[in-house]
Amino acid sequence: EELASKHCPDILCTIDSGNNQEKRDELMVSRRHTAVKPMMVADAIRDCLKAGCTADPSGLRAEKVFMLCSSTYPSYEIDVSAIGAILASDKSQPKYYSYVALCKDPLVLMKARASVWKRRGVRCILLRILENLMSANECIAMQSSVTDSVALEYLTARDTIIVRCIVFACASGF
């Protein structure tokens with residue numbers, strides 16, 4: 001209850017202290033069904049990235065949908081859905097990447113189109129996901145490498161590629 005009161009005080013206010021755990025679980029499940037779903041995040045991102053989009057030209061609506069969904073669903077579900085939309089082109093279907101594959105190779109995110117980098121909200125989504133994937137990738141590299149020096153060399157090369165891509169995106173102006 002202490003953690004719930006810190007992060008979700010509205011839930012505790014709606015539940016009497018005499019109610020049991022099952023009713024709390026039912027309330028959480030019912031809120032999840034009415035909440036923003038990961039597919040809605042992907043749709044908001046795709047709509048934002050469409051050529052000639054006037055409804056959400058900066059991508060801030062897509063970012064808001066992403067953040068709302070993050071409060072309900074596990075990050076891996078949202079991240080996979082968002083990355084599929086970010087990496088899809090206007091002419092192709094959204095690509096599916098498993099979360100494990102993204103954790104093993106976060107450089108896949110660098111395939112994002114220039115329009116992703118130009119829209120502030122979508123760029124923030126991409127960078128949030130990239131940060132999480134890089135942390136997971138670091139753990140994988142450290143655990144699977146023979147020595148720490150090999151892992152650090154790999155991580156340095158990975159980070160250099162990411163920095164170069166971001167610098168190039170910044171240089172092209174967004």
Side-chain angles (χ1 to χ4, degrees), residues 7 28-29 32-33 35-51 53 56 58-172 174:
H7 298 289
M28 291 297 286
V29 169
R32 184 173 177 165
H33 289 297
V36 177
K37 295 181 171 46
M39 253 352 259
M40 296 168 84
V41 173
D43 291 341
I45 292 170
R46 274 193 297 275
D47 290 345
C48 170
L49 294 175
K50 282 182 185 171
C53 172
D56 187 23
S58 64
L60 294 178
R61 182 182 156 280
E63 184 183 15
K64 182 177 179 182
V65 171
F66 177 84
M67 295 306 292
L68 287 170
C69 192
S70 297
S71 68
T72 310
Y73 284 86
S75 64
Y76 73 89
E77 286 183 37
I78 303 160
D79 293 355
V80 166
S81 184
I83 292 304
I86 287 171
L87 296 180
S89 68
D90 291 334
K91 299 171 186 165
S92 70
Q93 292 291 333
K95 298 179 181 185
Y96 177 78
Y97 296 92
S98 72
Y99 195 72
V100 172
L102 290 170
C103 288
K104 288 181 179 178
D105 187 14
L107 294 176
V108 170
L109 274 62
M110 297 297 104
K111 291 175 149 182
R113 301 176 274 166
S115 60
V116 170
W117 293 99
K118 290 180 180 178
R119 289 171 173 78
R120 189 173 109 199
V122 182
R123 182 175 63 238
C124 288
I125 292 170
L126 177 72
L127 292 174
R128 279 189 187 105
I129 294 170
L130 180 62
E131 180 184 14
N132 292 339
L133 293 176
M134 286 174 63
S135 294
N137 182 256
E138 182 176 349
C139 292
I140 291 169
M142 295 302 275
Q143 290 174 356
S144 63
S145 294
V146 178
T147 63
D148 286 348
S149 64
V150 171
L152 292 174
E153 189 174 330
Y154 162 76
L155 293 170
T156 302
R158 179 205 68 185
D159 292 348
T160 302
I161 292 169
I162 291 172
V163 167
R164 284 183 179 174
C165 289
I166 292 174
V167 167
F168 179 75
C170 291
S172 65
F174 38 74

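Just so we're clear, the structure is a prediction, and the values are computed from it rather than from any experiment.
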Worksheet item: Is the shortest heavy-atom distance from the side chain of L87 to the side chain of Y97 under 4.5 Å?
Response: yes
Worksheet entry | side-chain hydrogen bond (donor to acceptor under 3.5 Å, both in side chains) partners for T147, two or more places apart | S149
Discussion item. Among L127, L126, I125, exactly one meets side-chain contact (heavy atoms from CB on, under 4.5 Å) together with I129. Which residue is that?
Written reply: I125
Item to complete: Kindly determine whether L49 and V116 satisfy side-chain contact (heavy atoms from CB on, under 4.5 Å), including the steps that lead there.
Response: CA-CA 7 Å; L49 294 175; V116 170; 3.8 Å; yes
Item to complete: Return the set of residues passing side-chain hydrogen bond (donor to acceptor under 3.5 Å, both in side chains) with S145 (not counting sequence neighbours), or none when no residue passes.
Response: none
Discussion item. List the residues meeting side-chain contact (heavy atoms from CB on, under 4.5 Å) with S89, not counting sequence neighbours, and say none if there are none.
Written reply: K91, S92
Practice prompt. Count the heavy atoms of every other residue, nucleotide or ligand shown that sit under 6.0 Å from CZ of R113, and state whether that count exceeds 12.
Written response: yes
Considering only distance and modelled atom types, tabulate donor-acceptor pairs under 3.5 Å from the side chains of residues 130-142, sequence neighbours left out.
residue, atom, partner, partner atom, Å
S135, OG, E131, O, 3.3
N137, OD1, Y154, OH, 3.2
N137, OD1, R158, NH1, 2.9
N137, ND2, C103, O, 2.9
N137, ND2, K104, O, 3.0
N137, ND2, Y154, OH, 3.3

Worksheet item: Looking at residues at least two apart in the chain, or sitting in another chain, which of them share a salt bridge (Lys or Arg N to Asp or Glu O under 4.0 Å) with D43?
Response: R46
Item to complete: Report the residues that fulfil salt bridge (Lys or Arg N to Asp or Glu O under 4.0 Å) with R61, sequence neighbours left out, ordered by chain and then residue number.
Response: none
Practice prompt. Please confirm whether the backbone N or O of L68 pairs with a side-chain atom of S71, one donor and one acceptor, at under 3.5 Å?
Written response: yes
Worksheet item: Does anything in residues 62-76 pair up under salt bridge (Lys or Arg N to Asp or Glu O under 4.0 Å), and if so which pairs, sequence neighbours excluded?
Response: E63-R128
Worksheet item: Which residues satisfy the side-chain contact (heavy atoms from CB on, under 4.5 Å) test with V80, sequence neighbours excluded?
Response: Y96, Y99, L102
Worksheet item: At what distance, to the nearest 0.5 angstrom, does CD1 of I78 lie from CD1 of I83?
Response: 12.0 Å
Worksheet item: Considering all heavy atoms of both residues, which atom of M110 and which atom of C165 are nearest to each other, and what is their separation?
Response: SD-CB, 3.4 Å
Practice prompt. Identify, with sequence neighbours excluded, every residue that meets side-chain contact (heavy atoms from CB on, under 4.5 Å) alongside T156.
Written response: T160
Discussion item. As a quick check of understanding, evaluate side-chain contact (heavy atoms from CB on, under 4.5 Å) for I166 and W117, giving each step before the final call.
Written reply: CA-CA 9 Å; I166 292 174; W117 293 99; 3.8 Å; yes
Discussion item. For D47, give me all partners under side-chain contact (heavy atoms from CB on, under 4.5 Å), at least two apart in sequence or on another chain.
Written reply: K50
